[in-house]
Amino acid sequence: MGFIVWIVIGLIAGAVAHRVLDSRGGFLGSLVVGLIGALVGGKIAELLDLNVTGGFIDQLVLATVGAILSLFVWRKIRS
């Protein structure tokens, strides 16, 4: 069940990141951006020593912030 929740969070985070940065991205693109964002967000929380309980909302916020940040950096590198 955890793997399915991880995919759902990745899809939501990727879709939000694409919407915030006015970027294109289909199902697979949103999934990839969201999953990378989840890893980036988790690393940022670890580096900042944030006390994250690991609930659905906490994971979604971290993944979304990480997805927006990683998509922003990716776009800057490409241009």
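Note that the coordinates shown come from a computational prediction; the quantities given were computed from them, not determined experimentally. Just so it is clear, the values below take in all heavy atoms, side chains as well, and ignore hydrogens, waters and symmetry mates.
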Identify every side-chain donor-acceptor pair in residues 55-64 under 3.5 Å, counting partners at least two apart or on other chains, and give the distances.
| from | atom 1 | to | atom 2 | distance (Å) |
| --- | --- | --- | --- | --- |
| D58 | OD2 | T53 | N | 3.4 |
| D58 | OD2 | T53 | OG1 | 2.5 |
| Q59 | NE2 | G54 | O | 3.0 |
| T64 | OG1 | L60 | O | 2.7 |

Side-chain donor-acceptor contacts of residues 31-47 below 3.5 Å, not counting sequence neighbours, with atom names and distances?
| from | atom 1 | to | atom 2 | distance (Å) |
| --- | --- | --- | --- | --- |
| K43 | NZ | E46 | OE2 | 3.4 |

- Message: Using modelled atom types and a 3.5 Å cut-off, is there a donor and acceptor pairing between side-chain atoms of S70 and backbone atoms of A67?
- Response: yes
Under 3.5 Å, sequence neighbours excluded: what are the donor-acceptor pairs made by side chains of residues 8-23?
| from | atom 1 | to | atom 2 | distance (Å) |
| --- | --- | --- | --- | --- |
| H18 | ND1 | S23 | OG | 3.3 |
| H18 | ND1 | R24 | O | 3.3 |

